[in-house]
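Since the structure comes first, as structure tokens, the remarks are kept for the end.
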Amino acid sequence: MRVLLIQPPVRDFYDTDVRLQPIGLAYLKAAIAKHLPDIDVIIKDYHGGCGRKTVAIPKELRYLSEYYPVADKSPFSTFHQYYHFGKSFDEIEAEVAALKPDVVGISSLFTPYFREALEVAARVKKQTGAIVVMGGSHASAVPESLLSSPSVDYVIRGEGEKPLVEFLRRIECHTAVEDTPNLAYKRNGEFIYNPIGDNFSIDELPIPDLSDFAPATYTLAGKPMTFMITSRSCPHKCSFCSVHTTFGTDYRRRSLENVLEEIILRYRQGYRVIDFEDDNLTYYKQTVKDLCRRLIARFPERDMQFVAMNGISYLSLDDELLELMYCAGFSHLNLALVSSDKTVRETTKRPHTLEAYVKVVSKAQQLGFKIVSYQILGLPNETLESMIQTLAFNARLPVLLGASPFYRTPNSPIARGLELNEADFVKARLTALAIETESFSRDDIYTLFVTTRIVNFLKGLSIDGTTSLPELMSRSWPEPRTRLGFDLLTQLSETGSLHFSTTRGFQQNPNFRTELFTHVLRESGEISCQNGTTISVENFGRRTVSRPTRMTSAAEVPLN
């Protein structure tokens, strides 16, 4: 029997280039090989490394055309074209037909891309007639949205290793599959949902099988990168997160020996970067400290680099752990602040304190970490003022701002009780700017999002000593992109309007609220660069700045 596991392409305004390795499918392949070694399993990643092409914006997102109207070449740009990232559906159909699979498993991880997964299912059915089973986070949260398709035979909810093994074992033995734990299916027009059963214990799960990918397939700064998890689920219960829908509420960690075995194997296979994708990597601090000590001993020359792009809870970090992480090969920290407002943190059930956060940022910056702090813009229970407070708070710290406009994830606590429809699913992405309330408008969220781009532009400058934004705007900058950024800020200060920079010249951005931007700068007072120097920004817009140089032409600015 041949089983084909597919990561589908996606369609959006942008793509996360580096977090594409289908580690979940690699876990499934390894589990099948361990328990059903006679089954031939192939993984096809039809998303990563397959290029992109422009496609039409779906009708549910057409309102975004006024927010992303032109190809902006400025340092403050957001999005423009809507793309298909990955192989075309026609190419996928032809490849699947040639492989002649008996069973096809399709990953449906992210809700806004469920249509792409269903299109792959339709092409599979058309060409092969194979049994189609779908799984992943979206499949676990809203299985009926997939089962409604005539091309989908089954959905596996929750963790998939043991259910898929049991499902395939029943097919091999020619017995009924309908009693498989976690399985959802159709019977006489009704959806049937089997109870969720226990998965294999976390240390019994085999190391993910990456044999379908060359080490150079996924890279970070040119180095071969792979993905790991040391735990499943999360002990926290943040209201906007749906992790428990897939992994349950039982937080489980792999043994230290098990984790080290995988890291050493990946090094031998040629990987030089490991991204820990845990939902809570450092919850058990002592265990992570022990891991770091072992990594320091095993790679004393820092031959391996470690990152945690899914974010780290600053509540579980202390000085010793930060020092050990840096010595072990961590160089970047992605911290999830979410909000600096105490009420917002309490209502979203985030057990964090600002004092702990500031202490972590200070120590990490001293050690040399590059820090990104993530803020959610537009939580339903948040006010515009509290969002400004958080943005200004982080502006004063030596961190880059990672702003993510809020969207509702199906079956997350904050979305339970809401009847989300297909249009809501399509809008469940940060690019959609989907949520408006009585406290803030879409223009507000868009303006704050662009504001983070401007603040990060200033934070990335290499300057010596304390200075002011008007003084920086009066300088002559030799690098075209930096010069363009300050030209646009000067224009904003003098005219009150932010402009796009296009190949045809400068075009006013009609949805950018300048008064909101200047409010953020006044609240910030100063911006801390990544190197620790500060820029006073409170006087921006209060006086005209004299520029010694001409306005930069968009044609002078590199496109990357």
Q: Indicate the ring-plane relationship of H35 and F200, choosing parallel, tilted or perpendicular according to the 30° and 60° boundaries.
A: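 The rings of H35 and F200 lie parallel, inter-plane angle below 30°.
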
**Q.** Listed partners of C234 passing side-chain contact (heavy atoms from CB on, under 4.5 Å), at least two apart
**A.**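 Result, side-chain contact (heavy atoms from CB on, under 4.5 Å) vs C234: H236, V243, H244, D279, N280.
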
Q | Stepwise salt bridge (Lys or Arg N to Asp or Glu O under 4.0 Å) check, E119 with R123 | A | CA-CA 6 Å; E119 180 63 25; R123 300 300 184 103; 2.7 Å; yes

One thing to verify: whether [Y] and [X] come together as a salt bridge, which I'm taking to mean a side-chain N less than 4.0 angstrom from a carboxylate O.
X	Y	answer
R170	D179	yes
E262	R266	yes
R115	E422	yes
K126	E93	yes
R429	D12	yes
E204	K34	no
K162	D198	no
E116	R11	no
D290	R293	yes

(Q) Go through it in stages, so that I can follow the logic: the residues are D318 and K289, the test is salt bridge (Lys or Arg N to Asp or Glu O under 4.0 Å), and I'd like the CA-CA distance, side-chain angles, deciding distance and then a yes or no. (A) CA-CA 10 Å; D318 59 30; K289 289 177 182 179; 3.1 Å; yes

Does any part of the side chain of [Y], heavy atoms only, come nearer than 4.5 Å to the side chain of [X], both counted from C-beta?
X	Y	value
V307	F276	no
V152	L118	yes
L391	T452	yes
Q127	V96	no
R169	T175	no
L64	I57	no
L335	L317	yes
E159	R232	yes

Q: For side chain to side chain contact (heavy atoms under 4.5 Å, CB included), just list the numbers for Y357 and N394, CA-CA rounded to whole Å, side-chain angles, deciding distance to a tenth of an Å, and then say yes or no.
A: CA-CA 10 Å; Y357 172 78; N394 262 334; 2.5 Å; yes

Can you name the nearest heavy-atom pair linking [X] to [Y], along with the distance?
X	Y	result
Y267	M304	CD1-SD, 3.5 Å
E60	V426	CB-CG1, 4.1 Å
L25	S107	CD2-CB, 4.2 Å
P143	Y193	CG-CE2, 3.5 Å
L20	Q7	O-NE2, 2.8 Å

[atom1]/[X] to [atom2]/[Y] distance, rounded to the nearest 0.5 angstrom?
X	Y	atom1	atom2	value
Y284	T230	OH	OG1	11.5 Å
F227	Y218	CZ	OH	8.0 Å
I39	D102	CD1	CG	9.5 Å
L400	H332	CG	NE2	9.0 Å
S151	L146	OG	CG	11.5 Å
D209	I43	CG	CD1	6.5 Å

Whether [X] side chain and [Y] backbone form a donor-acceptor pair below 3.5 Å:
X	Y	answer
N258	S255	no
T180	L183	no
S439	T383	no
S231	D278	no
H84	K87	yes
T128	K125	no
Y63	A432	yes
T219	A216	no
S412	R408	no
S148	E144	yes

Q: Show your reasoning for whether salt bridge (Lys or Arg N to Asp or Glu O under 4.0 Å) applies to K29 and D212.
A: CA-CA 10 Å; K29 178 170 181 173; D212 289 298; 2.5 Å; yes

Q: Evaluate the side chain to side chain contact (heavy atoms under 4.5 Å, CB included) criterion for residues R442 and I435: first the C-alpha distance (whole Å), next the side-chain angles of each, then the deciding distance (0.1 Å), finally the verdict.
A: CA-CA 7 Å; R442 183 170 290 123; I435 306 300; over 6 Å; no

Q: Could you go through the side chain to side chain contact (heavy atoms under 4.5 Å, CB included) check for I23 and E277 one step at a time?
A: CA-CA 10 Å; I23 194 69; E277 282 288 315; 5.8 Å; no

Q: Dump the intermediate steps for side chain to side chain contact (heavy atoms under 4.5 Å, CB included) on F440 and I445, then the final yes or no.
A: CA-CA 7 Å; F440 54 82; I445 299 301; 3.7 Å; yes

[X] atom [atom1]: more than 12 heavy-atom contacts under 6.0 Å:
X	atom1	value
E172	CD	yes
E190	CD	no
F89	CZ	yes

(Q) If only side-chain N and O atoms count, and only distance matters, is there a donor-acceptor pair under 3.5 Å linking R157 with N194? (A)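 No, R157 and N194 have no side-chain donor paired with an acceptor closer than 3.5 Å.
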
Q: Would you kindly check if the NZ (Lys) or CZ (Arg) of R52 is within the cone defined by 45 degrees around the ring axis of F85 and under 6.0 Å from the six-membered ring centre?
A: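 Because its charged atom misses either the 6.0 Å distance or the 45° angle limit, R52 does not stack over F85.
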
Q) Between F369 and F330, is the ring centre distance below 6.0 Å? A)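 No.
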
Q | Centroid-centroid under 6.0 Å between Y68 and F13 rings | A |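 Under 6.0 Å, so yes.
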
Q: Run the numbers on Y113 and S108 for side-chain hydrogen bond (donor to acceptor under 3.5 Å, both in side chains), then give the verdict.
A: CA-CA 7 Å; Y113 311 130; S108 184; over 6 Å; no

